[in-house]
Amino acid sequence: MLARTFNYLIKIEYDGTYFVGWQYQKNGVSVQEKIEKALSKIFKSKIKINGAGRTDKGVHALGQYANFKINKKIESEKIFLNSINFFLKKNLISITKIKKKNLPFHSRYNAKERIYFYKIINRVGSLSLNKNKAWHIKKKLNIELLKKGAKLLQGTHDFSTYRASSCTSSSPVKKMNAVQIKKKGDEIIIEFKSRSFLQNQVRSMVGSLKYLSSGKWTLNNFKKVFKSKKRSECAPPAPACGLYLKNVKY
């Protein structure tokens with residue numbers, strides 16, 4: 001009798017500071033590698049996971065997702081979560097949920113929307129609690145200009161200006177469902193919603209929004225650079241430490 005196959009979706013939270021990114025790489029330790037090793041210890045067999053988003057080196061996640069297939073039913077969610085987090089906690093990775101899915105389900109290809117946010121701390125004083133967790137910008141940013149720039153990024157556009165040269169996406173055209181700016185005290189959160197993103201797109205957009213809101217660019221400069229579709233015209237990308245994969249919707 002053939003063993004039955006089960007497909008499970010896990011929700012993952014991690015501090016990306018000391019990882020080379022989500023995906024396996026030869027030059028360092030990835031989040032994917034650590035989770036696969038922990039799963040293999042629990043199930044006593046090699047497990048491969050598919051991530052919903054390939055976060056870069058230094059990028060964090062509150063709601064990354066991945067699915068994996070095994071020939072064993074997980075009877076207790078609580079026991080599974082306790083077991084896997086025992087192996088992962090020292091790496092600052094947490095598995096917060098697990099859910100059984102149908103066999104064809106794939107965490108990357110079945111995603112309907114991905115939500116990222118970028119955290120800026122806009123003040124003179126250096127960062128302590130938010131060190132490696134936000135972009136520290138000392139110069140006062142103009143929130144109204146930030147909102148005007150964000151509005152221009154919404155909708156369907158060719159985002160070639162913000163695309164890394166190593167990006168493997170078949171098209172630079174993406175639909176940005178929403179870009180929202182939230183400010184509380186000296187913390188500025190920029191949230192982006194889209195079905196999918198180009199490599200380095202969010203950090204490049206944030207870098208350009210920073211040029212606009214700090215007075216280095218006018219709104220016309222910002223528009224011109226966006227419409228140019230030239231990577232060479234783009235502002236330097238924002239540092240990875242302020243970027244978070246917030247959630248993935250299915």
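Only heavy atoms go into these numbers, but all of them, side chains included; no hydrogens, no water, no symmetry mates.
Between Val179 and Ile190, the closest side-chain pair of non-hydrogen atoms falls below 4.5 Å. Inter-residue side-chain proximity for His60 and Leu243 is flagged as unmet; no heavy-atom pair is nearer than 4.5 Å. Taking 4.5 Å as the limit, every side-chain heavy atom of Arg195 sits out of range of all side-chain heavy atoms of Glu113. Counting heavy atoms from C-beta on, the side chains of Lys246 and Glu191 come closer than 4.5 Å. Within the 4.5 Å cutoff, no side-chain heavy atoms of Val29 are placed close to those of Val20. With a 4.5 Å cut-off on side-chain heavy atoms, Ile84 and Ile42 count as touching. For the pair Phe6/Lys100, a side-chain contact is recorded, criterion being any heavy-atom separation below 4.5 Å from C-beta on. Contact of the Trp22 side chain with the Ser30 side chain is not registered, since no non-hydrogen atoms from C-beta on lie closer than 4.5 Å.
Checked against the 6.0 Å centroid criterion, the rings of Tyr116 and Tyr244 do not qualify as a close aromatic pair. No close placement of the Tyr118 and Phe192 rings is indicated, their centers lying 6.0 Å or farther apart. Between Phe105 and Tyr250, the ring centre distance stays below 6.0 Å.
No hydrogens or angles considered: a donor-acceptor pair under 3.5 Å links the side chains of Asn71 and Thr5. In this structure, a donor-acceptor pair under 3.5 Å is present between the side chains of Asn67 and Asn7. Using modelled atom types and a 3.5 Å distance limit, the side chains of Ser160 and Asp158 yield a donor-acceptor pair. A donor-acceptor contact under 3.5 angstrom links the side chains of Tyr65 and Asn247, judged on distance only. Residues Thr55 and Gln64 bring no donor and acceptor atom of their side chains to less than 3.5 Å of each other.
Environment of CD1 in Ile79: sparse, with no more than 12 heavy atoms of neighbouring residues, nucleotides or ligands closer than 6.0 Å. Counting heavy-atom neighbours within 6.0 Å of Lys97 NZ, excluding the residue itself, gives a total of 12 or less. No more than 12 heavy atoms of other residues, nucleotides or ligands lie within 6.0 Å of OH in Tyr18, so this atom counts as exposed by the packing criterion. Surrounding CG of Leu129 are at most 12 heavy atoms belonging to other residues, nucleotides or ligands under 6.0 Å away. Enclosure of atom CZ in Phe86 is not indicated, since only 12 or fewer non-hydrogen atoms of other residues, nucleotides or ligands lie within 6.0 angstrom. Within 6.0 Å of atom NZ in Lys69, more than 12 heavy atoms from other residues, nucleotides or ligands are found, so the atom counts as buried in its surroundings.
Looking at every heavy atom in both residues, Ser40 comes nearest to Ile47 through OG-N, 3.3 Å. Counting all heavy atoms, side chain and backbone alike, Leu198 lies closest to Gln201 at N-OE1, 2.8 Å. Nearest heavy-atom pair across Met176 and Ser194 is SD-CB, 4.1 Å. The two residues Lys48 and Phe68 come nearest to each other via the heavy atoms O-CB, 3.6 Å. Closest of all the heavy-atom pairs between Leu209 and Gly149 is CD2-C, 3.6 Å. Taking every heavy atom of both residues into account, Tyr162 and Cys234 meet most closely at CD2-SG, 3.7 Å.
Summarising the geometry, atom NZ belonging to Lys57 is positioned 15.5 Å from atom CD belonging to Gln23; distances are rounded to the nearest 0.5 Å. A distance of 6.0 Å separates CG of Leu127 from CD1 of Ile121, quoted to the nearest 0.5 Å. Considering CG of Asn82 and CZ of Phe87, their distance stands at 12.0 Å, rounded to 0.5 Å. The distance from the CD atom of Gln180 to the CD1 atom of Ile189 is 12.0 Å, given to the nearest 0.5 Å. To the nearest 0.5 Å, the span separating CG on Asp15 from CD on Glu13 amounts to 9.5 Å. Put simply, OG on Ser214 and CG on Leu212 are 8.0 Å apart, with the number rounded to the nearest 0.5 Å.
Taking the six-membered ring where the residue is Trp, His157 and Phe159 present perpendicular rings, their angle passing 60° and hence far from 30°.
Here the side chain of Arg163 pairs a donor or acceptor atom with the backbone of Ser169 at under 3.5 angstrom. Using modelled atom types, one side-chain atom of Thr161 and one backbone atom of Val225 make a donor-acceptor pair closer than 3.5 Å. With Asn130 contributing its side chain and Lys133 its backbone, the two residues share no donor-acceptor pair below 3.5 Å. Asn122 places a side-chain N or O within donor-acceptor distance of the main-chain N or O of Leu141, the cut-off being under 3.5 Å. Remark: side-chain polar atoms of Arg123 are paired, donor with acceptor, to backbone N or O of Ser126 under 3.5 angstrom. The backbone N or O of Ile93 lies less than 3.5 Å from no partner atom in the side chain of Asn91, so there is not a single donor-acceptor pair. In this structure a side-chain-to-backbone donor-acceptor pair under 3.5 Å is present from Ser171 to Val173.
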For Thr218 and Asn220: C-alpha separation, side-chain torsions, deciding distance, then whether side chain to side chain donor-acceptor pair (under 3.5 Å) applies. CA-CA 5 Å; Thr218 63; Asn220 274 340; 5.3 Å; no
Stepwise side chain to side chain contact (heavy atoms under 4.5 Å, CB included) test for Ile95 and Leu81: CA-CA 7 Å; Ile95 309 301; Leu81 291 176; 3.8 Å; yes
Going through the checks in order, is the side chain to side chain contact (heavy atoms under 4.5 Å, CB included) test met by Ser107 and Leu9? CA-CA 7 Å; Ser107 64; Leu9 178 69; 3.9 Å; yes
Do Glu187 and Lys183 pass the salt bridge (charged side-chain N to carboxylate O under 4.0 Å, His left out) test, and can you show the C-alpha distance, the side-chain angles, and the key distance before you say yes or no? CA-CA 6 Å; Glu187 182 182 276; Lys183 187 180 187 297; over 6 Å; no
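Exactly one residue among Arg114, Lys174, Arg108 makes a side-chain hydrogen bond (donor to acceptor under 3.5 Å, both in side chains) with Ser196. That residue is Lys174.
Listed by first then second residue, pairs satisfying salt bridge (charged side-chain N to carboxylate O under 4.0 Å, His left out) with a partner in residues 204-232 number zero, not counting sequence neighbours.
Under a 4.0 Å N-O distance rule, the pair Lys37/Glu33 qualifies as a salt bridge.
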